[in-house]
Chemist: 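Below is a structure I'd like to ask you about.
Just so it is clear: chains get the letters A, B, ... in the order the sequence lines come, proteins before strands, and each one is counted from 1.
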2 protein chains.
Amino acid sequence: MTRLSFRQKVHLAREDAIVGTVKRLLAEKGFDLMTVDEVAAEVGIAKASLYKHFPSKEALAAAAMVQMMDQALEQVQTQEAQPGATAIDKLKGITRWTLQTQLAGAMPTLPAENSSLRNALIAHKGYMDGLMELSDQLGAWIVQAQADGTVNRALPPEAVLYTIFARACDPVLGFLKAGGSHSDAQIVDWVMLTCFDGLAGRPAVT
Amino acid sequence: MTRLSFRQKVHLAREDAIVGTVKRLLAEKGFDLMTVDEVAAEVGIAKASLYKHFPSKEALAAAAMVQMMDQALEQVQTQEAQPGATAIDKLKGITRWTLQTQLAGAMPTLPAENSSLRNALIAHKGYMDGLMELSDQLGAWIVQAQADGTVNRALPPEAVLYTIFARACDPVLGFLKAGGSHSDAQIVDWVMLTCFDGLAGRPAVT
DNA sequence: GTCTATATTAAGATAGAC
DNA sequence: GTCTATCTTAATATAGAC
């Protein structure tokens, strides 16, 4: 770890505050509807100052996505650290964390379409590295769970991976929450159930 | 049915062409990234002419969404017309149609966030009526399927309904298609499997 | 690095002739 | 109803003083 000057620490702390705000706004409104003016206002600095830290709106969003990816990788470590956890337990653990995070309004979701953000992210080494590592880690769990017979062997591992990734932007959570008559924990339980056991709902192998 | 003059027929035909183009562009890029200039160019008329037919971009998109809703209701009738079909068969039928339509790039998907389109749609009687009717029809099938034991009784019917609706914008289809190594039919089968039987994958009650 | 003020551009919408 | 030309606004980005 490199020793940092006080000035550098302040600089990083400010950038962290910026990225935190961006992450929240991205989760709330998405990339296209989030404006740089808004970010600057919420952070409490001038827009021009923002552009001294990040060269573009895409870079701003990319920084937030990288931080999100790092959080996800941290969660992977948390799952890995559970002593008796099987592969399916870990998959369920990371999926539950994803749902909880989204429901809490803290999951910045990439626009599914061909937005300018998509290209920026594909060109962003930090983001792509994180994505690869996350895919590898989950991929290993998936293969193991299929060997255990706890994940359907008829599905290609990539389909399982994408299905779990997609929980980060599952609109069902928001729909159920909008109803207003269920607790967050209850909503997460239901979506976990549909995800792993399906609508037809036979109990899973354990 | 009211008798229409030739002029009126031409008018309606043109509006149909416009709505068709909008539907495709909405499916491709979403509401925010679709521009009115683009719509006009693809239809082959001037932008100002477009605004003689529809008063705003939101109205344009709403017309496309209403047409989509009508197509869905038609599909409901098709399912209802199957002689031996049980409730779960019908639910699977409409879900499969939804997946196929999205995969074919013909499913305009509403932006999940608080876009201007959302408010326009909520204020749009034709759209909301269609949505209510669709919800009622699927709701009846869901309740019946739960009574039959073919849909998990632990799930509230609204959760099942939202889960089926959400297939219209499931990103897993696009992810798998981007890989390029699977047929559309194969992709649809896998997503159907995860939707109804879950990742854990026990065969459903039939 | 922070600010105020401004440039630039893209896109929704309209004016007015035919 | 169709067109060309124009208006208006909002949002990304930058200039330049301190």
Chemist: For the residue pair B:F175 and A:Y162, does the interplanar ring angle fall in the parallel (under 30°), tilted (30 to 60°) or perpendicular (over 60°) class?
Modeler: tilted

Chemist: Between P on C:dG1 and NE2 on A:H53, what's the gap in Å once rounded to a whole number?
Modeler: 7 Å

Chemist: Specify the separation, in whole Å, of atom CE of A:M34 and atom P of D:dA10.
Modeler: 19 Å

Chemist: Name the nucleic acid region contacted by B:T35, choosing base, sugar-phosphate or nothing; use a 4.0 angstrom heavy-atom cut-off, strictly under.
Modeler: sugar-phosphate

Chemist: Please check the phosphate of D:dC3 (OP1 and OP2 only) for any side-chain N or O of B:S49 closer than 4.0 Å.
Modeler: yes

Chemist: Is the shortest distance from a Lys or Arg side-chain nitrogen in A:R167 or A:D170 to a carboxylate oxygen in the other one below 4.0 Å?
Modeler: yes

Chemist: From the list C:dA13, D:dC3, D:dG1, which nucleotide is the closest neighbour of the side chain of B:I45?
Modeler: D:dC3

Chemist: Is the backbone of B:A147 close enough, under 3.5 Å, to the side chain of B:R153 for a donor and an acceptor to pair up by distance?
Modeler: yes

Chemist: If we ignore hydrogens and angles and just use 3.5 Å, is the side chain of B:K57 paired with the main-chain N or O of B:M34 as donor and acceptor?
Modeler: yes

Chemist: Taking for each residue the nucleotide of DNA chain D with the nearest heavy atom, is it B:K47 or B:R7 whose nucleotide lies nearer the 5' end?
Modeler: B:R7

Chemist: Looking at C:dT4, C:dA13, C:dT2, which one has an atom nearest to any side-chain atom of B:S56?
Modeler: C:dA13

Chemist: Which nucleotide in the list C:dC3, D:dT4, D:dG1 gets nearest to the side chain of A:A48?
Modeler: C:dC3

Chemist: Among D:dA13, D:dC3, C:dA13, which nucleotide sits nearest the side chain of A:K57?
Modeler: D:dA13

Chemist: Just how far, in rounded Å, is C1' of D:dA10 from NZ of A:K29?
Modeler: 13 Å

Chemist: Give the rounded distance in Å between these two atoms: CG of B:D37 and P of D:dT6.
Modeler: 16 Å

Chemist: Looking for any heavy atom pair under 4.0 Å, which part of the strands does A:K52 touch: base, sugar-phosphate only, or nothing?
Modeler: base

Chemist: To the nearest angstrom, how far is A:Y51 atom OH from C:dC3 atom P?
Modeler: 15 Å

Chemist: May I have the distance from B:D32 (atom CG) to D:dT12 (atom C1'), rounded to whole angstrom?
Modeler: 16 Å

Chemist: What is the distance from CZ of B:R14 to C1' of D:dT2, rounded to the nearest Å?
Modeler: 9 Å

Chemist: For B:L50 and C:dT14, give me the distance from atom CG to atom P, rounded to whole Å.
Modeler: 13 Å

Chemist: I'd like to know if the side chain of A:E38 reaches the main chain of A:T35, judged simply by a donor and an acceptor atom lying under 3.5 Å from each other, with no hydrogens or angles considered.
Modeler: yes

Chemist: Would you indicate which nucleotide in D:dT12, D:dC3, C:dG12 comes nearest to any side-chain atom of B:A46?
Modeler: D:dC3

